[in-house]
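Step one of this worksheet: look at the structure below.
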Protein chains: 2
Amino acid sequence: MQKIIDTKITPLQNHLLSVLPDEVKERLFPFVELVKLELGEVMYEAGDTLANVYFPVDSIVSLLYVMESGASAEISVVGNEGVVGIALFMGGESTSSRAVIQSAGYAYRLKGKRLTEEFHRHGKLLGLMLRYTQSLITQMSQTAVCNRHHTIDQQLCRWLLLSLDRLPDNNLTMTQELIANMLGVRREGVTEAAGKLQKLGVIDYHRGHITVLNRQKLEQLSCECYAVVKKETDRLLPHGNEKFYYHSQNVINL
Amino acid sequence: MQKIIDTKITPLQNHLLSVLPDEVKERLFPFVELVKLELGEVMYEAGDTLANVYFPVDSIVSLLYVMESGASAEISVVGNEGVVGIALFMGGESTSSRAVIQSAGYAYRLKGKRLTEEFHRHGKLLGLMLRYTQSLITQMSQTAVCNRHHTIDQQLCRWLLLSLDRLPDNNLTMTQELIANMLGVRREGVTEAAGKLQKLGVIDYHRGHITVLNRQKLEQLSCECYAVVKKETDRLLPHGNEKFYYHSQNVINL
DNA sequence: ATTGCTCTGTTCGATACCGTACACACTACT
DNA sequence: AGTAGTGTGTACGGTATCGAACAGAGCAAT
């Protein structure tokens, strides 16, 4: 299913795409396709062979591990700062994680073949992908440690901040049940933690819609993990020029 | 400090080095240096700029995160199946993790410059490094999930198996205190878990020396995390030819 | 208005792990 | 033999999280 829309969306809204040298942009952009991602859709399952990579624009994708028991835990988040499908260029073709749309929106899709062709032509893109991958590794590592040492309250704050950074405003569409899956805890645990934040006036939520009212306080209440990851990511991937141009284009459903 | 020893050690005992094409071996091996690693030594601190990568032969290196509070947790282990210092070729130059020698032994050191030079000359080495990095990512992810969902008992089993795979025999030199640091739990927790394994006749240990008596049982008692990581690693990095040749060579202390 | 469904709030006992404290055992050194 | 130091065993209360069960509240469709 395709339709042409007049959007305010451009590949440049993805940080990785926006910092590429102009010549690489010129070669690559004709081949990227705009894809619409719906909340809860599964982008790929653990073990799937990947054919495309996705550069989120205003969507958020959650990488999560599912255990034999069915219990799950999010190991990292990807928004417009990153790319989904690193296994494709890392050479493994698949991963043992599942990718789920955590926040609906758009992403640009690129065929894996185009990507790897570009790798051989010019090292810039590869270098960028690798630095991004390293920042992802940082996030995963910090998650591992955070799971071990920090309370649900702290982790919820961390998680909200991670989401906030990848959204255009302060509203996230997300039930407590889903957050619980991401954090790998019971839904009741999230209810309790969210209740505290509500009482403190930090957030406001109603049936699957959360609004962050006081970001600063959220940062105070969060564990160090958020800041550590942010700092390291900024080091690895300095922000590029963030001016955008808009145009009409095709949209495809995932 | 240097001395020439007659060892039974060769670069081929490291799996990554051993699967390289002959031409790459010929270019690279003249530049690798044998390094002796002592138990407990810190290979690099979080944030250190890396100048070398290390290919362990019979040593084990633990990558661990240290939090502001001083609490720590191991996020992955590297033995002769891998390489320490991926940040160097990922482009980040440093990581937020610390690398500690978990089991004394030898490793081959290669200047980062030599490594990246080889990347430009021939894609084989890069591809291998990237696939290894992906297997490392798998390990980190699984660790994150394991920290969330599994008991200390299960995790101790997993940890012992990870160590066992990287050692020549069934003996590991390791106090409960150190294991506790790796797992990010209290020493008493390890004492208790180890006590159970002792009673079951699975392990035998005395003041910092652990002998695994029944590996099969250990695998049964472990959580799935060990098997998942092993399977994925085998997929990403098929074993090469493991015949070795021996010769005299220099040894350097770290 | 009724019904049904999803999302949230609350309770209760169970349990895994923590923090603290201390006793004991083995080893090495004097 | 005595002493110091390191590694291990155990005990106790405190707490965060779990598992299960259920009640209510908001929303949608009929």
Tell me which of A/Val185 and B/Thr191 sits closer to the 5' end of DNA chain D, going by the nucleotide each one is nearest to. B/Thr191
In whole angstrom, what separates B/Gln198's CD from D/dT8's P? 11 Å
Is B/Arg207 side chain donor-acceptor paired with the D/dT8 base, going by distance under 3.5 Å alone? no
Just checking, any donor-acceptor pair under 3.5 angstrom between side chains of B/Thr233 and B/Glu81? no
Any side-chain donor paired with an acceptor under 3.5 Å for B/Gln13 and B/Tyr106? no
Please state whether the base of C/dG19 and the side chain of B/Arg186 form at least one donor-acceptor pair under 3.5 Å? yes
For atom CD of A/Glu177 and atom C1' of C/dG9, their distance in whole Å: 14 Å
Indicate whether OP1 or OP2 belonging to C/dG9 is found under 4.0 Å from a side-chain N or O atom of A/Tyr205. yes
Rounded to whole Å, please give me the gap between CG in B/Leu156 and C1' in C/dA16. 16 Å
Which part of the nucleic acid, if any, lies within contact of A/Gly189, taking any heavy atom under 4.0 Å across all strands shown: a base, the sugar-phosphate backbone alone, or nothing? nothing
Grab the CD-P distance between A/Glu188 and D/dG19 for me, whole Å please. 9 Å
Taking atom CD of B/Gln154 as the centre, report whether more than 12 heavy atoms of other residues, nucleotides or ligands fall under 6.0 Å from it. yes
Lys/Arg-Asp/Glu bridge criterion (N-O < 4.0 Å) met for A/Glu177, A/Arg187: no
Between B/Gln176 and D/dG9, does any side-chain N or O lie under 4.0 Å from OP1 or OP2? yes
Using only modelled atom types and a 3.5 angstrom limit, is any donor from either the side chain of B/Arg187 or the base of D/dG9 paired with an acceptor on the other? yes
Within the 4.0 Å heavy-atom criterion, would you say A/Glu192 contacts the bases, only the backbone, or no part of the nucleic acid? nothing
What's the NZ-C1' distance between A/Lys196 and C/dT8, to the nearest Å? 17 Å
Ranking C/dT8, C/dC17, D/dA21 by distance to the side chain of A/Thr175, first place goes to C/dT8
How many whole angstroms separate atom CD1 of B/Ile203 from atom P of D/dT8? 10 Å
Separation of atom CD1 in A/Ile152 from atom C1' in D/dC18, rounded to whole Å: 9 Å
A/Glu219 and A/Arg215 ion-paired at < 4.0 Å: yes
Rounded to the nearest Å, what distance is computed from the CE atom of residue A/Met174 to the P atom of nucleotide C/dT8? 11 Å
